[in-house]
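Take a look at the structure set out below.
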There are 2 protein chains.
Amino acid sequence: MPKTALTPQNLDSVATRFRILGVPLRLQILNELANGERTVTALVEATGSTQPNVSKHLSTLLAHRLVKREKRGNSAYYSVSDPAVFKLCEIVCGNIERALEEERAAFSGG
Amino acid sequence: MPKTALTPQNLDSVATRFRILGVPLRLQILNELANGERTVTALVEATGSTQPNVSKHLSTLLAHRLVKREKRGNSAYYSVSDPAVFKLCEIVCGNIERALEEERAAFSGG
DNA sequence: CGCTTATATAATCATATAATCATATAGTCA
DNA sequence: TGACTATATGATTATATGATTATATAAGCG
């Protein structure tokens with residue numbers, strides 16, 4: 001199966017998805033969900049944000065199918081729908097590390 | 001070597017980097033640079049945007065070390081500094097494909 | 001030195017969106 | 001049913017930032 005790459009056609013969708021991930025609180029939510037499903041309340045506590053704000057970001061994540069939602073009893077349980085997002089974060093972290101190293105080298109070395 | 005993952009400490013940097021990638025024109029520029037170094041003028045033509053706009057986005061990309069810049073003669077040659085970004089785009093494309101497939105399945109099947 | 005070309009940058013404007021606040025909906029349990 | 005808990009959502013505000021315009025800087029070339 002060929003890997004799907006960036007094309008003029010999918011530029012917007014790809015950019016949109018990156019933008020979804022470009023909000024610290026949303027990453028924080030995803031990072032928390034990495035440990036398993038969580039209720040909104042649990043995420044509010046974990047992130048230190050407000051309930052409406054967390055709910056809103058969950059809606060966004062849900063709309064783009066980055067998370068799944070399951071209602072049980074009184075609570076809504078959210079979980080990551082595609083674990084590949086964490087691979088993304090790993091790569092970005094690697095990117096940043098290399099960029100910082102370059103910067104350091106440029107500062108020290110010339 | 002352990003992969004660097006998302007942590008409470010690096011959340012902001014990671015989010016910032018995602019946001020940098022969340023702009024279609026910037027992705028378009030990177031996509032063009034995937035074929036090798038390009039001058040600003042070449043990127044202006046390839047993207048159909050204006051010169052100041054392309055220059056500004058290149059500045060942003062440069063500031064975050066997503067691209068390198070080399071001045072030769074009258075022109076500035078830009079190139080991708082860390083090819084791992086394309087891996088990111090591939091993964092995101094895969095994400096989107098799966099999300100769309102889910103959506104389709106949800107529509108048809110349940 | 002002007003003239004042209006290539007690139008960068010400052011100022012402004014327009015827009016998207018994150019946070020907040022208030023409120024609505026929905027489920028549980030007495 | 002009424003009270004409580006959990007979650008969602010609409011309206012508003014504040015802010016960040018992308019696009020545009022005009023202009024500045026810099027390099028080549030006659």
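Hydrogens, waters and symmetry mates play no part in the numbers below; they use all other heavy atoms, side chains included. If you're wondering where the values come from, they're calculated on a predicted model, not measured in any experiment.
- Heavy atoms of A:R26 sit under 4.0 angstrom from primed sugar atoms or phosphate atoms, though from no base atom.
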Is there a salt bridge (charged side-chain N to carboxylate O under 4.0 Å, His left out) between B:K68 and B:E70 once you walk through the steps? CA-CA 7 Å; B:K68 282 182 296 195; B:E70 197 190 329; over 6 Å; no

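- No donor-acceptor pair under 3.5 Å is formed between the side chain of B:T39 and the backbone N or O of B:A76.
- Rounded to a whole Å, the CD atom of A:Q28 is 10 Å from the P atom of C:dA19.
- Within 4.0 Å (heavy atoms only), B:S55 reaches at least one base atom of the nucleic acid.
- Heavy-atom contacts of chain B under 4.0 Å fall on DNA chain D between two terminal nucleotides, which in 5' to 3' order are D:dT17 to D:dG28.
- Side-chain N/O atoms of A:Q51 and A:S55 include a donor and acceptor closer than 3.5 Å.
- Among the atoms of the strands shown, none is found under 4.0 Å from any heavy atom of A:R72.
- C:dA6 atom P lies 16 Å from atom CG of B:L58, rounded to whole Å.
- Residue-to-nucleotide proximity on DNA chain C shows that, of A:Q51 and B:T41, the 5′-proximal contact is made by B:T41.
- One distance of note links CG of B:D12 with CG of A:L27; it measures 9.0 Å at 0.5 Å rounding.
- Summarising the geometry, the separation between CD on A:E70 and C1' on C:dG27 is reported as 16 Å, rounded to the nearest angstrom.
- For D:dA14, the paired nucleotide is C:dT17, the pair qualifying as Watson-Crick or G-U wobble because both relevant distances are below 3.5 Å.
- For the atom pair CG (B:L6) and CG (A:L88), the distance works out to 10.5 Å, reported to the nearest 0.5 Å.
- When heavy atoms are screened at a 4.0 angstrom cut-off, B:Y78 is found touching the sugar-phosphate backbone but no base atom.
- What separates NZ of B:K56 from C1' of C:dA11 is a distance of 12 Å, to the nearest Å.
- With the nearest nucleotide of DNA chain C identified for both B:S59 and A:S49, B:S59 has the one nearer the 5' end.
- Across all strands shown, A:V23 has heavy atoms under 4.0 Å from sugar-phosphate atoms exclusively, and none from any base.
- The backbone N or O of B:H64 lies less than 3.5 Å from a partner atom in the side chain of B:R17, making a donor-acceptor pair.
- Base-pair partner of C:dC29: D:dG2 (Watson-Crick or G-U wobble, both distances under 3.5 Å).
- Ion pair B:R104/B:E101 flagged as a salt bridge, since at least one NZ, NE, NH1 or NH2 atom sits closer than 4.0 Å to an Asp/Glu carboxylate oxygen.
- As a whole-Å value, the separation of B:N53 CG from C:dT12 P is 18 Å.
- Between A:N74 and C:dT28 there is no side-chain polar atom (N or O) within less than 4.0 angstrom of OP1 or OP2.
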